[in-house]
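Right, one structure below, let's go through it.
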Amino acid sequence: MKKVTGFILIWIAVGMVLGLFIKNAFILCLLIALFLLIGYHLFCC
């Protein structure tokens, strides 16, 4: 469980760094929604 948590935290940090570089809030919101849907699908299915 520690490895999974660490992996998740690393990718959250990567996402935050990408959010700093993407200035268009609409595109950022679309990416967030897309990744949430993909993550939900991978976690629950």
Side-chain angles (χ1 to χ4, degrees):
M1 189 66 185
K2 288 183 200 176
K3 289 184 180 183
V4 173
T5 305
F7 185 74
I8 291 169
L9 288 174
I10 287 170
W11 284 107
I12 289 172
V14 169
M16 293 173 94
V17 169
L18 287 176
L20 291 174
F21 293 117
I22 297 174
K23 299 299 180 190
N24 192 346
F26 180 71
I27 293 174
L28 188 59
C29 288
L30 284 178
L31 284 174
I32 290 169
L34 177 68
F35 291 153
L36 282 172
L37 286 172
I38 292 171
Y40 176 76
H41 177 72
L42 290 174
F43 184 74
C44 293
C45 295

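Residues: numbered from 1 along the sequence shown. We use all heavy atoms of the structure for the numbers below, so side chains are in, but hydrogens, waters and symmetry mates are not.
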Item to complete: Could you tell me which residues satisfy side chain to side chain contact (heavy atoms under 4.5 Å, CB included) with Phe21, sequence neighbours excluded, listed by chain and number?
Response: Val17
Discussion item. Nearest 0.5 Å, please: how far is CG in Leu30 from CG in Leu34?
Written reply: 8.5 Å
Discussion item. Restricting to side chain to side chain contact (heavy atoms under 4.5 Å, CB included), what partner residues turn up for Leu28, sequence neighbours left out?
Written reply: Ile22, Ile32
